[in-house]
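Report on one structure; see the data block that follows.
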Amino acid sequence: MAERRVNGHRAMRLSGGMGVPGDKSISHRILVLGSMARGTSFAKGVPDGLDIDATIRCLQGLGVRCQRVADAVSIDGLGRKRYRKPDAPLDCGGSATTMRLLLGAVAGRGAETTLRGTPSLCKRPMDRVIEPLRLMGAVFEAAEGNRAPVTVRPPEGLTPVDYLLPIPSSQVKTALILAGLNVPKGRTVVRGALGSRDHTERLIPQMGGSLVVSKDKIIVERSDLQAVAFNVPGDPSAAAFFAAGAALLESSRVEIRSVSTNPTRMGFFEALSWMGGDVSIVDDRDASNEPRGTITVRQAKLRAIEIHAEAVPFLVDEAPLLMLLATAAEGETVIHGISELRLKETDRINCAVEGLTRLGAVMAVDGDTVRIQGPTRLKGAILDPWGDHRMSMMFTLAGLAASGDTTVLGVDCEAKSFPGFYASLERLLK
Ligand code: S3P
């Protein structure tokens, strides 16, 4: 198991300009929607990393020509044709986005398909997509508790549903929309907890699909999508690590270029500003439907804030980083509505509490609320991110902010989303 020593003794700062890998969420969606379109789509800036590799591999298993060409991915869409029946179970690796999105897509236009994944993925809930897709007529066989491996048997034609989303999950919303795009007759309506990342809703109209978003619902109908050429902006969830480092380490200033500034992804940066962080965002001029810009963060004195449950979907992947920032902020930071964090690659609440407490943080969890007292002087320790990429990267930054030596165990898990993370960090460390 690879481990990394982080030495917080030196007076270190982060300084410089950088780019981050392309956005993972947008990339998964372009790949899957591209596979349904007429013509060949090109997506530039699709990130390396195991999760995106899993989506590419699964689409290939479904009979889609989809390959990396230099720094782009080309996807030969099937148009009206259905996905073929794979010769073997499709391996989603550790990527829940791959599995949940493909369950929706295959239910709408596939043949019998089994999706499997890593032991970590097999623990994650799939009932959130299986249940509504069953209402549309798809038949599922899954391991106990509706978990992976999952076999989906698509019917001849799905029937539309009017579905009230119980949780603000973009993966669930997207799975239903992908199925809805392939319902032969009628409108699929998705209502309820719609406040989550909206990349799918932005992409489909751009590809000529019929999708209408209003205040309280999304309506989608069968459509012939057209291929797109798309330049994927940088991933704000990757940018957030460097922003957090710059906010924490004395005299730092980091400029991250061409990052997605989609409002549904900006929760972390907004929270950092509320905490008194020095964040400036300059939007790029870009014709695409996905805004992007340059984000500059400088070190600043932070104060505690309270984050309400409705804001959490817009910073869900960055919540552990906010817990780290809260250890440096004056007062009690409270984050409500974080229960979804228990259902990620690992239980990120327990993992963050265990790790940050070892460093000396003062924090407590009460139901789905976490309270962190600050400021605390963190002191180096041995930290175990439990195989979770985002926890490993957060702990590395925590180690930089702490005095003394910190060892982060099992850091190779960064390959899931950000294979070059440590090299990028080294370049900025001065
Ligand atoms: C994602 C949505 C989020 C997020 C995940 C990626 C997506 O999950 O945590 O990393 O691409 O749709 P939920 O939608 O389940 O909250």
Side-chain angles (χ1 to χ4, degrees), residues 21-33 43 46-47 49-52 54-55 92-105 117 120-121 123-132 146-148 165-178 190 192-204 218 232-233 235-241 260 262 264-268 290 309-322 337-349 351-352 368 388-394 413-414 416-418:
D23 188 69
K24 199 153 73 81
S25 291
I26 297 176
S27 299
H28 282 297
R29 286 156 174 78
I30 293 185
L31 292 169
V32 179
L33 288 168
V46 170
L50 301 178
D51 283 7
I52 292 296
T55 294
C92 300
S95 175
T97 313
T98 303
M99 186 169 283
R100 294 189 180 127
L101 266 48
L102 286 180
L103 285 173
S120 149
L121 185 57
K123 287 194 199 127
R124 298 179 67 183
M126 290 300 144
D127 43 357
R128 49 184 65 197
V129 286
I130 290 178
E131 190 191 302
N146 276 334
R147 288 173 206 267
L165 278 180
I167 42 167
S169 161
S170 179
Q171 295 176 357
V172 178
K173 182 172 67 173
T174 300
L176 279 172
I177 292 172
L178 291 172
V190 186
L194 297 176
S196 61
R197 60 192 74 188
D198 65 356
H199 307 300
T200 312
E201 296 92 304
R202 286 172 182 261
L203 261 170
I204 290 173
I218 297 170
V232 180
D235 195 326
S237 300
F241 294 105
S260 165
N262 178 313
T264 63
R265 300 292 299 283
M266 287 292 101
F268 169 81
E290 281 284 0
E310 311 80 69
V312 170
F314 306 122
L315 50 79
V316 60
D317 292 337
E318 293 74 61
L321 264 180
L322 280 172
I338 52 167
S339 57
E340 275 291 308
L341 266 73
R342 295 200 188 279
L343 305 172
K344 299 296 177 188
E345 282 81 339
T346 191
D347 179 338
R348 289 184 178 161
I349 302 178
C351 186
D368 68 350
D388 185 315
H389 59 136
R390 294 198 199 281
M391 298 310 297
S392 160
M393 294 186 273
M394 185 274 269
C413 58
E414 93 217 30
K416 190 169 193 291
S417 64
F418 197 162

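Ligands are counted one by one from 1 in listed order, and the atoms in each one are counted from 1 as well. Both backbone and side-chain heavy atoms feed into the values below; hydrogens, waters and symmetry mates do not. As the structure is a prediction and not an experimental result, all values here were calculated from the model.
Across the listed options Pro313, Ser169, Ala175, Ser169 owns the non-hydrogen atom lying nearest to atom 13 (P) of ligand 1. Nearest to atom 16 (O) of ligand 1 by heavy atom, out of Arg197, Gln171, Lys344, is Lys344.
Protein heavy atom closest to atom 14 (O) of ligand 1, with residue, atom name and distance, is Ser170 N, 2.7 Å. For atom 11 (O) of ligand 1, the closest non-hydrogen atom of the protein is Ser25 OG, 2.7 Å. At the top of the distance list for atom 10 (O) of ligand 1, counting protein heavy atoms only, stands Asp317 OD2, 2.8 Å.
Of the candidates Arg197, Arg265, Lys416, Arg197 is the only one forming a salt bridge (charged side-chain N to carboxylate O under 4.0 Å, His left out) with Asp317.
Residues Ser196 and Lys173 bring a donor and an acceptor atom of their side chains to less than 3.5 Å of each other.
The contact set between ligand 1 and Thr97, taken as ligand atoms under 4.0 Å from a residue heavy atom, comprises 6 (C), 11 (O). Numbered from 1 in the order shown, with element, the atoms of ligand 1 that lie under 4.0 Å from a heavy atom of Val316 read 9 (O).
Legend: residues meeting ring-ring contact (aromatic ring centres under 6.0 Å, His included) with Phe268, ordered by chain and number and at least two apart, are absent. Listed by chain and number, the residues in a salt bridge (Lys or Arg N to Asp or Glu O under 4.0 Å) with Glu340 are Arg128 (sequence neighbours excluded).
Heavy-atom distances between Arg29 and ligand 1 reach below 4.0 Å in at least one pair.
Residues Arg202 and Asn262 are in side-chain contact: their nearest non-hydrogen atoms beyond the backbone lie under 4.5 Å apart.
For the atom pair Ile338 CD1 and Ile349 CD1, the distance stands at 3.5 Å (nearest 0.5 Å).
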